[in-house]
Amino acid sequence: MNPILSSLPKVDKLLDHPILSEFSHHLVLKNTIKKHLASLRQEILLNNLNEIPSIDLIAQQIKTEFQKLSSPSLKPLINATGISLQTNLGRSVFSPKIIEKITPMLSEYLNLEYDINKGERGERYSHLVPLLCAMFECEDGLIVNNNAAALMLIINTFAKDKEVIISRSELVEIGGSFRIPEVIKGSGGILCEVGASNKTHLVDYKDAISPSSAMIAKVHKSNFAQVGFCSEVEFGDLIKLAKEANLIDYFDLGSGFVDGFKTDEPSILDIMKLDPSLISFSGDKLFGGTQAGIILGKKDLIAKLKKNHLLRALRIDKISLIILQETLLAHFNKDYELIPTISQLSQSTQILQERANKLLSLLQDSILDISFEVKKSTARAGGGSLPLQEFPSEAIAFKVKNIQDFSFSLRHLGLIHRIYQDNIYLDVFCITERHFKPIVDAIKHALDNTNQNPNSSK
Ligand SMILES: *Cc1c(COP(=O)(O)O)cnc(C)c1O
């Protein structure tokens, strides 16, 4: 046996070590010790360690690991990136007013699957559907865990072992390894790609129709756009073709949106007016709610989706449904103050300038060693939507020493930012006045942490 290995401290000895004594009653401590010793052993065997750290140091490292385990990993962040729907940062945020409204429902029972009229079991999917149908002029709807689940459920229900006809320009990867061809396959469908990557014509779809076809699908290109020599078939024409061939048409809108900001893209209602069989979209992209997949379309088709046993595995949870209810009501009332995504995308330049100037003065008054300025910036919707649309914005820009260290520190202090042309950029697009003080504090702390004192030698 490796002599260094045998000199590793024993578990019991560490359990009794004074540095760890305050946690010694905790069952998880023993596991943490074992895991730490195992990784030390691994390091020794790989010859990465020449000598065993002192038992005090080992105990200290275990204490740090134990404390890290018992502190929350998820934490609030300030999004100063200028990208509204950052999938990595949780996509849409909820207005504090919505949180206030839903709080009582979170700590009480509710009629999630209870029919108050009849006093018997009701349906989880019944709650928002009447309003969805009224707002989007459709027969029926269904809400599932997310839009990926909606796509899976639709393919699995209607195109199991059958062909889904789809343009080669729409076989997109959304991110996080979600790829349309793989999801169609994984859901039991057979992909029938038509057209070329830049051009697909109606006749391409027509020629592909065979007895094994089940569906003509269209997928929003989401996070990319094509320019130049390209063309695609309008969804309206695909609906007509599907009807003639007795097939189902389906549009995965990705980031369907309702209203409230300027864009050239068609809204959910615009698309529903074409009278499609089925469409689906995410609840937490431009819709501005929470993670969900919203399916709208024909009553007989929705009924078939509800009979698919997979639905149980894909169903929406009550917290998401409660939040989605408030978002939908806010859309109904055009109360965009309640939907931060929409308020952000509809902000005027003047408001952004005022916000940036206010933050600038606060920073200038609070931190004298740094010279801050306001610069023009470009914000984006993000979340795989509106890839070409730029939203003029404003940012606070400043220079620091050791910019990478400073950036690391700022991230750990909860301020997510961009580095651009050797400046830290804080885009004000997704921040509000309640973030001002935390921003000032984070910058102050990061300056301290990275030794920016002009008199210091570093
Ligand atoms: C985002 C997106 C999805 C996945 O939606 P989630 O709600 O994230 O599951 C599927 N299809 C398209 C076209 C998308 O843009």
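Note that the coordinates shown come from a computational prediction; the quantities given were computed from them, not determined experimentally. When a ligand or atom number is given, it counts from 1 through the structure's own listing order.
- For the pair K199 and F229, the cation-pi test (distance below 6.0 Å, angle within 45°) is passed.
- With salt bridges taken as basic N to acidic carboxylate O contacts below 4.0 Å, none links K298 and D140.
- At least one donor-acceptor pair under 3.5 Å links the side chain of H127 to the backbone N or O of L112.
- Residue contacts with ligand 1: N147 is placed with a nitrogen or oxygen under 3.5 Å of a nitrogen or oxygen of the ligand (distance criterion only).
- Contact annotation: for N223 versus ligand 1, there are no heavy atoms closer than 4.0 Å.
- Between E394 and K375 there is no salt bridge, since no side-chain N of the basic residue sits under 4.0 Å from a carboxylate O of the acidic one.
- Going from atom CG of L286 over to atom OG of S267 covers 11.5 Å, rounded to the nearest 0.5 Å.
- In this structure a side-chain-to-backbone donor-acceptor pair under 3.5 Å is missing from N402 to D405.
- Ligand 1 lies less than 4.0 angstrom from a heavy atom belonging to F178.
- Across R91, K285, H220, heavy-atom proximity to atom 14 (C) of ligand 1 is greatest for K285.
- Scanning the protein for heavy atoms near atom 9 (O) of ligand 1, the closest one is A148 N, 2.9 Å.
- When hydrogens are left out, the protein atom nearest atom 7 (O) of ligand 1 is S282 OG, 2.6 Å; that is the closest non-hydrogen contact.
- Taking a 4.0 Å cut-off on heavy atoms, D252 registers as neighbouring ligand 1.
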Worked verdict on K35 versus E65 for salt bridge (Lys or Arg N to Asp or Glu O under 4.0 Å): CA-CA 10 Å; K35 202 166 158 230; E65 278 169 35; over 6 Å; no
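- The single protein non-hydrogen atom nearest to atom 15 (O) of ligand 1 is S222 OG, 2.5 Å, given as residue, atom name and distance.
- For ligand 1, the atoms sitting less than 4.0 Å from at least one non-hydrogen atom of V219 are 13 (C), numbered in the order shown with element in parentheses.
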